[in-house]
There are 2 protein chains.
Amino acid sequence: MTDRPVTKTHQRRPEARPAEILAAALELFAEKGFTATRMQDVASRAGLSKAAIYLYYKDKMALLQALVQEMAGANLTVAAGIAEHYQGPARPLLRQILMFMAGQLRSTRFPDLLKIIISESRAHPEIGRMYFENVISKGLPIFESVIRRGIASGEFRNVDPAFAVKSMVAPMLLAAIWKTVFEPLGAEQLDIEAFATQHVDGFIRGIAA
Amino acid sequence: MTDRPVTKTHQRRPEARPAEILAAALELFAEKGFTATRMQDVASRAGLSKAAIYLYYKDKMALLQALVQEMAGANLTVAAGIAEHYQGPARPLLRQILMFMAGQLRSTRFPDLLKIIISESRAHPEIGRMYFENVISKGLPIFESVIRRGIASGEFRNVDPAFAVKSMVAPMLLAAIWKTVFEPLGAEQLDIEAFATQHVDGFIRGIAA
DNA sequence: ACTCTAACTGAATGGCGGGTTAGTTATCAT
DNA sequence: ATGATAACTAACCCGCCATTCAGTTAGAGT
C-alpha cells in the first residue's frame with residue numbers, strides 16, 4: 001500500500017488525509033502548544049501543503065475542535081461504561097475508575113489536550129464548552145451516582161457527593177498539570193499510577209462510614 | 001489627591017507608575033488573558049501612553065514576571081509562616097493551611113495568575129520556572145514536613161508524604177481551574193470554602209492512623 | 001523667567017503567520 | 001488518448017501588535 005515508489009509529485013488520497021492531518025496536529029499541539037504550532041508545521045508533518053489542510057478543515061480552531069471531540073468521546077464512553085454496568089460494592093468501582101484514569105493520563109495525550117483546553121478556553125469558548133458539556137457534565141454525575149450508591153448502601157458516610165467527586169478526581173488533574181507544565185521544567189517525574197493508588201486508598205478511607 | 005482638576009497634558013509621577021502599571025496589567029490579564037491583552041490596553045487603563053510602559057518594564061513578559069513574583073512571594077510567606085511556627089498536633093494545622101488557601105483562591109487573582117502560568121509556561125519557561133522554584137518546590141516540602149510530623153507522632157498512617165501533599169492540595173488546583181475556566185462558561189459556582197472544608201475532613205480521615 | 005533633563009507621547013516599523021488565490025497535476029471516465 | 005474535475009501546491013496578501021524612535025513637555029533648580 002505505502003511501499004510503492006515515491007513519486008516526485010503529490011499523491012491524492014482524500015480519504016486518508018483528515019486522519020493524517022489530525023494525527024500531525026495532535027503531535028505538534030502536544031509538543032509545542034496550540035498557538036506556537038504553525039499551520040505550515042502541521043502541513044509538513046502530514047506531508048501536505050498548508051493550503052491543502054484548508055480543503056479538509058475550515059481553520060486552525062477546527063483542528064483543535066476535532067481533536068477534543070475525538071478524545072473526549074472516546075474516554076468518556078469507556079469510563080461511563082465501566083460505571084454503568086457494574087453492580088457490586090462502590091469501593092472497588094471507585095478504584096477501577098481512578099486507575100483507569102491514571103492509565104489514560106500516563107499513556108495518552110490527554111494531559112496535553114487538557115492543558116490546551118485550559119489555555120484556550122477564554123479565547124475560544126466553544127472548545128471549553130465542548131469539553132465541559134461532553135466530559136465534565138456527563139462524567140461527574142456518573143461518578144456522583146457511584147458515591148450516592150455507596151452512601152445508600154451504608155459503605156460511605158453522608159458526604160456531599162458533588163464535592164466528593166471533585167476531591168476524587170482532583171489529583172488526576174494535578175497529575176496532568178504536573179506532567180505537562182512542571183516536568184518539562186525539570187521537576188521530578190510523578191509516578192501517576194502509584195500516586196493514584198495511594199490517593200484512592202486514602203479517599204475511600206476518608207469517606208468510609 | 002486624585003480630585004484636583006484633570007489637566008489636558010500628562011502628569012509626571014515616576015514613583016507611582018510601576019505599581020499602577022502592574023495593577024492595570026493584573027486586572028486585564030485576569031479579565032482577558034495574557035496574550036489577548038494588548039500593551040495599549042494596559043497603557044490606557046494605567047492612564048499612560050503605551051511607550052511609557054517601556055520606560056518601566058522591559059517588555060510584556062516582564063509585566064507578567066513581576067506579577068507572578070509579587071503574588072508568589074506574598075502567599076508563600078504567609079503559608080510558610082503558618083506552618084513553621086506551629087507546634088501542636090498536625091491535624092488542625094492542615095485544616096488551617098487548606099482553609100487559608102481556599103480563602104486566597106476566593107478573594108484574590110491567584111487563580112487567574114495560576115491559569116496564565118499554566119498557559120504560558122511552554123512559550124516562556126522563565127515564568128513557569130519562577131513559580132515552580134518559588135512556590136511549588138518551597139511550599140510542598142513545608143507541607144510534607146507537617147505530614148511527616150503527624151506520622152512520627154502517631155496521628156497519621158505511614159503514607160508517602162509527597163503523594164499525600166499532592167492529594168491534599170489538588171482540590172485547590174481544581175477549584176482554581178473550575179473558577180477560571182468553567183464558571184465563565186456557565187458552570188455552577190463552586191463554593192470553595194465549603195469544598196475545602198469537606199475535603200480536609202475526608203483527607204484527614206483518609207490518612208488517620 | 002530660563003534652562004535642563006527626565007518623563008512622557010504620537011507615529012512609525014517590522015515580522016510573523018493565518019488564510020486565500022490562481023494556477024498545476026493526478027486520476028477517472030469515456 | 002483526451003478532456004473533466006477533484007486534489008493539491010506555490011506564492012501571495014494583509015491585519016495585527018510588540019517594540020522603537022524622534023520628538024514634546026512638565027516641572028525642579030537657579
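Lettering follows sequence order; numbering is per chain, from 1.
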Would you name the heavy atoms of [X] and [Y] that are closest together and state the gap between them?
| X | Y | result |
| --- | --- | --- |
| Ala102(B) | Glu193(B) | CB-CG, 4.1 Å |
| Tyr86(A) | Arg149(A) | O-NH1, 3.2 Å |
| Lys115(B) | Thr180(B) | CD-OG1, 3.7 Å |
| Pro171(A) | Ser167(A) | CD-O, 3.3 Å |
| Lys60(B) | Phe34(B) | NZ-O, 3.0 Å |
| Ile147(A) | Val159(A) | CG2-CG2, 4.4 Å |

Under 3.5 Å, side chain of [X] to main-chain N/O of [Y], donor-acceptor pair present?
| X | Y | value |
| --- | --- | --- |
| Arg122(B) | Glu31(A) | yes |
| Ser137(A) | Phe132(A) | yes |
| Lys179(B) | Leu190(B) | no |

**Prompt:** Under 4.0 Å: is that the gap between some side-chain N or O of Arg12(B) and OP1 or OP2 of dT5(C)?
**Reply:**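 Indeed not, no polar side-chain atom of Arg12(B) lies that close.
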**Message:** Can you tell me how the ring of Tyr131(A) sits relative to the ring of Phe182(B), calling it parallel under 30°, perpendicular over 60° and tilted otherwise?
**Reply:**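 Tyr131(A) vs Phe182(B) ring planes: parallel.
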Tell me the interatomic distance from [X], atom [atom1], to [N], atom [atom2], rounded to whole angstroms.
| X | N | atom1 | atom2 | value |
| --- | --- | --- | --- | --- |
| Arg13(A) | dA26(C) | CZ | C1' | 13 Å |
| Lys50(A) | dC12(D) | NZ | C1' | 10 Å |
| Arg17(B) | dA26(D) | CZ | P | 13 Å |
| Ile53(B) | dA18(D) | CD1 | P | 10 Å |

**Message:** Could you walk me through whether Glu120(A) and Thr35(A) satisfy the side chain to side chain contact (heavy atoms under 4.5 Å, CB included) test, starting with their C-alpha distance in whole Å, then the side-chain angles of each, then the deciding distance to 0.1 Å, before giving a yes or no?
**Reply:** CA-CA 9 Å; Glu120(A) 301 295 326; Thr35(A) 308; 3.3 Å; yes
Give each protein N/O atom lying under 3.5 Å from an N/O atom of nucleotides 28-30 of chain D, with the pair distance.
none

**Request:** Consider the side chain of Tyr54(A), meaning its heavy atoms from C-beta on, and name the nucleotide among dT25(D), dT20(C), dC8(D) that approaches it most closely.
**Result:**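 So the nucleotide nearest the side chain must be dT20(C).
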**Prompt:** Counting side-chain heavy atoms from C-beta on, which of dT25(D), dT9(D), dC21(D) comes nearest to Ala51(B)?
**Reply:**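 Nearest to the side-chain atoms of Ala51(B), counting from C-beta on, is dC21(D).
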**From CG (Leu174(B)) to CG (Leu174(A)), nearest 0.5 Å** =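 Nearest 0.5 Å value for the CG-CG distance: 10.0 Å.
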**Item:** Electrostatic pair Asp201(B)-Arg95(B), nearest N-O below 4.0 angstrom
**Value:**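 Answer for the salt bridge query: yes.
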**Message:** Less than 4.0 angstrom from a charged side-chain N to a carboxylate O is my criterion; do Arg129(A) and Glu126(A) meet it?
**Reply:**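 Result for this pair is no, no salt bridge flagged.
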**Prompt:** So among Glu20(B), Glu27(B), Gln40(B), which one has a side chain to side chain donor-acceptor pair (under 3.5 Å) with Arg45(B)?
**Reply:**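 Of all the options given, the one that passes is Glu27(B).
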Distances under 3.5 Å between protein N/O atoms and the N/O atoms of nucleotides 28-30 of chain C, please, pair by pair.
none

What pairs of donor and acceptor atoms, side-chain ones from residues 47-58 of chain A against any protein atom, are under 3.5 angstrom apart with sequence neighbours left out?
{"unit_1": "Ser49(A)", "atom_1": "OG", "unit_2": "Ala52(A)", "atom_2": "N", "d": "3.4"}
{"unit_1": "Tyr57(A)", "atom_1": "OH", "unit_2": "Pro18(A)", "atom_2": "O", "d": "3.3"}

**Of residues 37-47 of chain A, the positions that come close to DNA chain C - non-hydrogen atoms, cut-off under 4.0 Å** =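 Only Thr37(A), Arg38(A), Met39(A) qualify.
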**Close residues, residues 18-36 of chain A, relative to DNA chain C [heavy-atom separation under 4.0 Å]** =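 Hits under 4.0 Å, by residue number: none.
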**Asked** Contacts to DNA chain D from residues 55-69 of chain A, heavy-atom cutoff under 4.0 Å, which residues?
**Response**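 Residues of residues 55-69 of chain A that come under 4.0 Å of DNA chain D are, in numerical order, Leu55(A), Tyr56(A).
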